[in-house]
Amino acid sequence: MKYGHFDDVHQEYVITTPKTPLPWINYLGCNEFFSLISNTCGGYTFYKDAKLLRLTRYRYNNVPADINGKYLYIKDGDTVWNPGWQPTKTELDSYECRHGIGYSRFTSSKNGVKASVLSFVPLNDNCEISQLTLTNGSSEDKKLSVFSYVEWCLWNADDDMKNFQRNLSTGEVEVQDSTIYHKTEYRERRNHYAIYSVNTKIDGFDTSRDAFLGAYRGADSPEAVENGKCTNSMASGWSPIASHQINVDLAAGETKTFIFVLGYIENPEDEKWESYGVINKTRAKEMLAKYQTDAQVDEAFAALQAYWKQLLARYTVDSADEKVNRMVNTWNQYQCMVTFNMSRSASYYESGIGRGMGFRDSCQDLLGFVHLIPDRARERIIDIASTQFQDGSAYHQYQPLTKKGNSDIGSGFNDDPLWLIAGTSAYVRETGDTSILTQMVPFDNDMSVAAPLMDHLKRSLDYIINHKGPHNLPLIGRADWNDCLNLNCFSAHPGESFQTFGPSEGPVAESVFIAGMFVKYGEEYAQLCELMGDDTEAARARKEVQAMYDAILKDGWDGDWFVRAYDAYSHKVGSRECREGQIYIEPQGFCVLAGVGVKEGLAEKALNSVKERLDTKYGVMILQPAYTEYHLELGEVSSYPPGYKENAGIFCHNNPWVSIAETVLGRGDRAFEIYRKTCPAYIEDISEIHRTEPYVYSQMVAGKDAKFYGEAKNSWLTGTAAWTFVNISQYILGVYPTHQGLSVDPCIPKGFGDFSITRKFREGIYHIQVKNPQNVEKGVVSMTVDGKAVDGHIIPYEKGKEEYNIVITMG
Ligand code: GLC
Ligand code: GLC
């Protein structure tokens with residue numbers, strides 16, 4: 001069942017009922033100011049950091065769900081309704097929500113009045129615009145009142161939900177003309193405030209939540225709206241809000257628009273005040289002056305659309321499969337940009353107050369957006385590398401505002417160092433910019449111990465080499481990519497963090513997955529060394545890679561698939577010897593995509609085992625059989641009920657690894673089958689089962705052991721976005737950046753047909769046509785570049801050249 005449809009022309013998902021199974025959201029903002037907005041106008045706003053600089057309050061875990069957002073109430077006689085349906089939930093005569101690229105548009109009607117709300121964050125301003133257009137489609141003149149409503153968060157979203165003894169007394173506001181200024185803590189240690197304004201004279205306002213809502217009432221039935229009159233309340237402590245009242249006379253057939261602006265303003269320390277106790281509003285007024293007329297809003301909106309258009313044009317495909325086109329050209333790349341901005345911090349499943357930026361997550365996200373915003377990818381790599389320790393290990397997370405590592409979680413996740421090589425290699429292959437490798441980068445943010453980035457990568461590699469266990473496989477530490485495989489934790493009491501509890505970095509437990517990573521990224525490191533002219537170091541790295549390869553075949557092979565790990569007693573994890581958890585997806589995908597066991601015929605066996613034991617109609621499960629008991633020696637993985645999350649869920653992130661691995665073997669049909677099963681556009685029809693947004697990937701779909709088999713959770717912020725984009729764009733469609741130039745070597749399902757790709761790569765635009773007359777899954781028999789035959793399938797890069805026309809013939 002569907003709750004909407006794709007509009008490919010406008011690159012929008014059109015939701016046609018507010019009653020979606022879960023809130024279906026969108027993200028507004030490209031730089032520093034962000035809003036989450038659901039299909040019922042729920043959501044929240046922050047500047048730079050969802051924990052430390054939160055503008056509006058959100059109620060997590062609330063009933064009814066998804067309460068608090070930027071609400072507009074329309075009072076038409078005795079009827080009060082919202083264009084986004086919530087919070088009054090007055091039945092609408094029509095409803096539509098279009099989530100577009102960086103904006104959302106709601107269009108609803110009730111009793112002959114049509115309301116349309118366009119919300120977006122303009123490119124270079126720290127504000128969100130909501131343009132309300134009201135049209136009286138009835139034959140009578142109407143006297144309406146419009147009420148806006150946002151509830152301020154007292155900046156630190158974590159403290160805001162806990163520290164009531166203080167917070168209920170700190171709230172302060174100012175009101176001038178049609179602008180409400182939220183200035184809590186401005187008097188003392190803050191130099192920033194928030195504003196909510198509208199471009200018309202108002203007929204009243206409220207800034208006290210209790211005054212606006214009334215005692216014991218919620219946002220679904222504000223007393224002020226019911227009475228048709230705001231109370232002009234001035235908040236002092238308690239919960240400050242911002243509400244405007246605008247009385248609107250709307251003749252039959254008439255249309256009026258109103259522009260609401262929610263913004264964030266920072267003042268220099270010595271310019272904080274206008275007069276004693278009165279905040280300096282100059283910057284606020286400058287910002288507001290830019291959004292007073294519809295023409296100004298149209299212009300800002302057009303600029304935003306143009307920005308996205310040029311961004312998404314950097315990789316486009318035109319194939320016979322409209323779902324592939326739709327995901328590649330729009331939604332998958334869009335989600336990659338959202339993960340760039342948010343990492344795992346702020347979504348409807350990530351509260352924005354927990355995790356900051358993850359080291360491994362951010363490095364992997366980079367793989368999905370480096371072609372879109374190479375300059376910002378460069379900056380991100382430097383930020384991440386700056387949190388590395390001198391021994392090559394790394395803070396597992398860092399805070400986006402301060403860019404400092406989080407010491408409460410610390411280090412010890414032994415896959416982390418290698419992801420830095422992955423991200424850097426992708427950046428250098430994409431851009432050819434080797435200057436990043438010689439840039440001085442601090443360790444643990446301490447510039448006095450800086451070293452060139454290349455040296456950071458060397459330490460990453462050496463960290464693994466210097467931390468091997470009894471089978472010469474990498475020690476796992478607290479966990480590797482699978483955060484829930486906590487082989488050194490032994491937690492027996494509730495509330496202990498599985499990741500940081502216990503002797504978390506034991507000398508015995510080993511990871512075959514990290515070994516696979518080492519083979520893959522050790523080789524990429526060697527290529528970077530060669531690029532820098534250091535053949536000795538390249539040779540050293542390759543020797544270590546070979547040793548690791550041998551160790552995997554010796555002790556990491558279980559007969560029909562790769563072993564997952566060795567636990568702290570040196571017992572196998574993910575082996576036929578185990579009662580539960582006999583086979584795990586990660587080493588099958590990663591070892592094979594790294595090339596391990598291909599020539600020995602083991603790779604094929606491993607992938608066949610995946611198909612036989614882990615595959616479902618909704619995707620490939622992370623392990624089988626599910627753990628039905630808690631295993632002290634394995635940790636969190638066995639704490640989840642069977643079928644959920646890391647315990648035999650379909651963890652979407654590693655499905656593309658297996659799909660990529662299939663392309664290594666040239667099995668295009670199977671690679672695509674795996675791609676298709678978790679691909680949002682393909683499963684739109686089962687939205688009532690899948691439940692999360694049908695235009696983006698979710699972290700997890702419940703596996704076959706789960707009660708709600710097929711149900712997804714944790715949409716938007718997942719490494720799945722980057723990895724599926726890598727899979728479809730670089731391996732299935734086959735356009736892969738190498739140091740020598742773009743390689744085109746597709747691996748597609750039979751019957752996929754001819755297709756073409758336009759791709760920006762360095763200074764050039766590449767127009768690539770792929771012909772497949774023999775209908776093969778893989779193999780390139782010939783290539784022409786600008787009409788001339790060229791051997792192989794790598795388009796030689798020519799510095800400065802701006803246009804390439806390529807024809808590839810498969811066979
Ligand atoms: C979450 C984490 C990621 C981890 C994965 C598997 O998505 O953000 O770092 O690799 O879970 O446990
Ligand atoms: C839990 C989740 C895992 C996530 C981790 C982050 O372990 O299951 O997916 O990566 O928390 O700390």
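Ligands are counted one by one from 1 in listed order, and the atoms in each one are counted from 1 as well. Starting from 1, each residue takes its place in the sequence as its number.
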Check for me whether the distance between the ring centres of [X] and [Y] falls short of 6.0 Å.
{"X": "Trp716", "Y": "Tyr27", "value": "yes"}
{"X": "Tyr395", "Y": "Phe389", "value": "yes"}
{"X": "His653", "Y": "Tyr697", "value": "no"}

Point to revise | Ring-face cation of Arg54 near Tyr44 (centre distance under 6.0 Å, axis angle within 45°) | key: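 Output yes; distance and angle both within limits.
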Review point. For ligand 1, is any non-hydrogen atom under 4.0 Å from Asp483's backbone (N, CA, C, O), its side chain (CB onward), both, or neither?
Key: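 For Asp483, the contact with ligand 1 is made by both the backbone and the side chain.
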Practice item. Have a look at ligand 1 and work out which part of Gln699, if any, has a heavy atom under 4.0 Å from it: side chain, backbone, both or neither. Key: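 It is the side chain that gets close, since no backbone atom is under 4.0 Å.
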Within a distance under 4.0 Å of any heavy atom of [X], pick out the atoms of ligand 1 and give their elements.
{"X": "Phe651", "result": "5 (C), 6 (C), 11 (O)"}
{"X": "Glu646", "result": "6 (C), 11 (O), 12 (O)"}
{"X": "Asn482", "result": "12 (O)"}

Point to revise | Minimal non-hydrogen separation, Tyr549 against Val596, with atom names | key: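 So the minimum-distance heavy-atom pair works out to CE1-CA, 3.5 Å.
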